[in-house]
Amino acid sequence: MKPRLVEVPIATPAGEFLARYSESGLAELNFPPVGRASPRAAKKEMVPAQIRAWHRLAETALKAIFAGREPKKLPPLDLAGTAFQKSVWNALRKIPTGKTKSYGEIAQAIDRPKAVRAVGGACGANPVPVLVPCHRVLAANKKLGGFSGGLDWKRELLKREGINLP
DNA sequence: TCCGTATTGAACT
DNA sequence: AGTTCAATACGGA
């Protein structure tokens, strides 16, 4: 039986994100729901101290990224996925703030040079956007490609990191 | 096993 | 310069 994730909202200059924590770390992060406050945010008093500590880190890191800076610390991540997906997400985290990579480069980084489309799939399956910077991955010709939360978000995030797109 | 995918690069208009 | 197409790896049904 699946342990219920604790949901806690994160306020950012770009809206209210929704973080979900498992017993071992941050498991999911959602973009702000369109024009609506989070329906069922956990009561903060019921959130375990451990998770509150993680939440503080997550909030700080998120705000740092929105300010275009590299986050100093991240909460532990509890990412559910296949080995392939995890290796992709791990590679994504190595992209420094303000830089971009192509799907092909990610594929090479995980030693599967031809799995470019699969890399795209793994990016789309990324449970923790922004903190795991799936938005810094562009197509080979510097085109935007796609984004789970909507391309507007991708543009916005890149812009805040000082990345200029053609 | 078949289908879709947040790709890519080359071949054609 | 824009469009079509095959190759390709992986995950979900």
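Residue numbering restarts at 1 for every chain, and letters A, B, ... go by the order of the sequence lines. Given the structure is predicted, the values throughout are model-derived calculations rather than measurements.
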Using whole Å, what does the distance between atom [atom2] of nucleotide [N] and atom [atom1] of [X] come to?
X	N	atom1	atom2	result
Gln108(A)	dT8(B)	CD	C1'	12 Å
Glu105(A)	dT8(B)	CD	C1'	13 Å
Asp111(A)	dA9(C)	CG	C1'	14 Å
Arg117(A)	dT8(C)	CZ	P	12 Å
Trp89(A)	dC10(C)	CH2	P	15 Å
Asn126(A)	dT5(B)	CG	P	19 Å
Leu79(A)	dG11(C)	CG	P	15 Å
Lys101(A)	dA6(B)	NZ	P	22 Å

Quiz prompt | Residue pair Arg155(A) / Asp152(A), side-chain heavy-atom distance below 4.5 Å | solution = yes
Quiz item: With a 4.5 Å heavy-atom cut-off, do Leu138(A) and Tyr103(A) have their side chains touching?
Solution: no
Please tell me which of the listed nucleotides, [options], lies nearest to the side chain of [X]?
X	options	value
Lys114(A)	dG9(B), dT8(C), dA6(B)	dT8(C)
Gln85(A)	dT8(B), dA9(C), dG11(C)	dG11(C)
Val116(A)	dA6(B), dA7(C), dT8(B)	dT8(B)
Ala115(A)	dA6(B), dT8(B), dA9(C)	dA9(C)
Ala139(A)	dA9(C), dT8(B), dA6(B)	dT8(B)

Self-check item: No-hydrogen, no-angle side-chain donor-acceptor test under 3.5 Å, Glu161(A) and His135(A)
Solution: yes
Quiz item: Considering Watson-Crick and G-U wobble pairs with both distances under 3.5 Å, what does dG9(B) pair with?
Solution: dC5(C)
Quiz prompt | Trp89(A) CH2 to Ile110(A) CD1 distance, which is reported to the nearest 0.5 Å | solution = 12.0 Å
Quiz item: How long is the gap from CH2 on Trp54(A) to OG on Ser22(A), to the nearest 0.5 Å?
Solution: 6.0 Å
So what does [X] touch, heavy atoms closer than 4.0 Å: a base, only the sugar-phosphate, or nothing?
X	value
Phe147(A)	base
Ala118(A)	base
Gly121(A)	nothing
Thr82(A)	sugar-phosphate

